[in-house]
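Keep in mind that what you see is a predicted model, and the values were worked out from it rather than measured. Naming convention: chains lettered A, B, ... in sequence-line order (proteins, then strands); numbering from 1 in each chain.
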Amino acid sequence: MHQLALFDAGESVLVEDERGRIEYVPHFVPPSLAQAWFVELRSAVGWEAGRRWMYDREVDVPRLTAHFDLGQGEPDGRPPAAVRAAAGRVATRTRVPFNSVGLNLYRDGRDSVAAHNDHLDELAPGFPIALVSLGATRRMTIRAKEPPRRVLNVDLEGGSLLVMSYETQQHYTHGVPKTAERVGERISLAFRVRPASVASAGGARNGRYR
DNA sequence: CCGGGTCACACGGG
DNA sequence: ACCCGTGTGACCCG
């Protein structure tokens, strides 16, 4: 089948048990397209440098961020074309009605995201998270919260897709640690289905997908 | 979810 | 083979 070849990217299932399912798909996006998306997003997105109050002091968020709602947005607040294209490609493969995408720009090895799991209140129950990576490869560390404490190190390559099931967020943490290695810029697009109570008016749906 | 502190250990030059 | 400084990352804490 033709259509199959388009998506046959040597995917591998990293986790599949009662604690969740994690699938990694290298070359989900052809290299030249992934590169074009990276270039567009790097310059077209209004990247924000956040600061957060953590414990006793205010600190920089160690990466740049942006966010878009998907679905029938106003023509004005429409996401960049590369985001819409990526969303379409992800939706075609996963069949999940994602309505939100969070973008992260890791400028170099000093940028990072600490180990965490996505907040379940901001995730529609049962729906997975899909993560598209562009640009430089960064390592993600995924570890089970309870014994057996499996630890996975996944090198997220440009053009890859990582899909983590909803249950994964209950049983695992994930993060992108700082590294002293010299690494180039990486952009990630994290697709989520946010519950109607959280998502902005419009896109949310319920039921019948997995 | 963050940076800083502590500690263990791999590595390599002398 | 050994010593030891340095780099790197794992873990812990508020």
Could you check if a side-chain atom of [X] sits within less than 4.5 angstrom of a side-chain atom of [Y], using non-hydrogen atoms only?
{"X": "A:Glu185", "Y": "A:Tyr106", "result": "no"}
{"X": "A:Arg182", "Y": "A:Asp108", "result": "no"}
{"X": "A:Glu157", "Y": "A:Ser133", "result": "no"}

* **side-chain contact (heavy atoms from CB on, under 4.5 Å) against A:Glu48, all qualifying residues, sequence neighbours excluded** =>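 Partners of A:Glu48 under the side-chain contact (heavy atoms from CB on, under 4.5 Å) test: A:Thr65.
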* Charged N to carboxylate O below 4.0 Å: is that the case for A:Arg192 and A:Asp118? ->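 The answer is yes: the pair qualifies as a salt bridge.
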* Asked: Can A:Arg42 and A:Glu40 be counted as an ion pair, charged N to O under 4.0 angstrom?
  ->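 Looking at A:Glu40 together with A:Arg42, the answer is no, because their closest N to O distance does not fall below 4.0 Å.
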* Asked: How would nucleotides 7-13 of chain B be written as a contact map, 5' to 3', with B for base contact, S for sugar-phosphate-only contact and - for no contact, using protein heavy atoms under 4.0 Å?
  -> -------
* Structure fact -> Per-nucleotide protein contact along nucleotides 9-14 of chain C, 5' to 3', at a 4.0 Å heavy-atom cut-off (B base, S sugar-phosphate only, - neither), is S-S--B
* Non-neighbouring partners of A:Arg143 that pass salt bridge (charged side-chain N to carboxylate O under 4.0 Å, His left out), sequence neighbours left out ->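 Applying salt bridge (charged side-chain N to carboxylate O under 4.0 Å, His left out) to A:Arg143 gives none.
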* Can you find a side-chain donor-acceptor pair between A:Thr179 and A:Arg139 that sits under 3.5 Å? ->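 There is no such pair (donor and acceptor under 3.5 Å, judged by atom type) between the side chains of A:Thr179 and A:Arg139.
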* Show which residues join A:Val151 in its hydrophobic cluster (side-chain heavy-atom contacts under 4.5 Å, direct or indirect), or state none. =>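 Besides A:Val151, the cluster holds no residue at all.
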* With both distances kept under 3.5 Å, what pairs with C:dA1, Watson-Crick or G-U wobble? ->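 Across any shown strand, C:dA1 pairs with none.
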* Using the six-membered ring of A:Phe28, assess whether NZ or CZ of A:Arg93 lies under 6.0 Å from its centre and within 45 degrees of the ring axis. =>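 A:Arg93 over A:Phe28 ring: no.
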* CZ of A:Arg110 versus P of B:dC2: gap in Å, rounded? ->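 Interatomic distance, CZ of A:Arg110 to P of B:dC2: 16 Å.
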* Considering only heavy atoms, which members of residues 59-68 of chain A lie under 4.0 Å from some atom of DNA chain B? ->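 Heavy-atom cutoff 4.0 Å gives A:Val59, A:Asp60, A:Pro62, A:Arg63.
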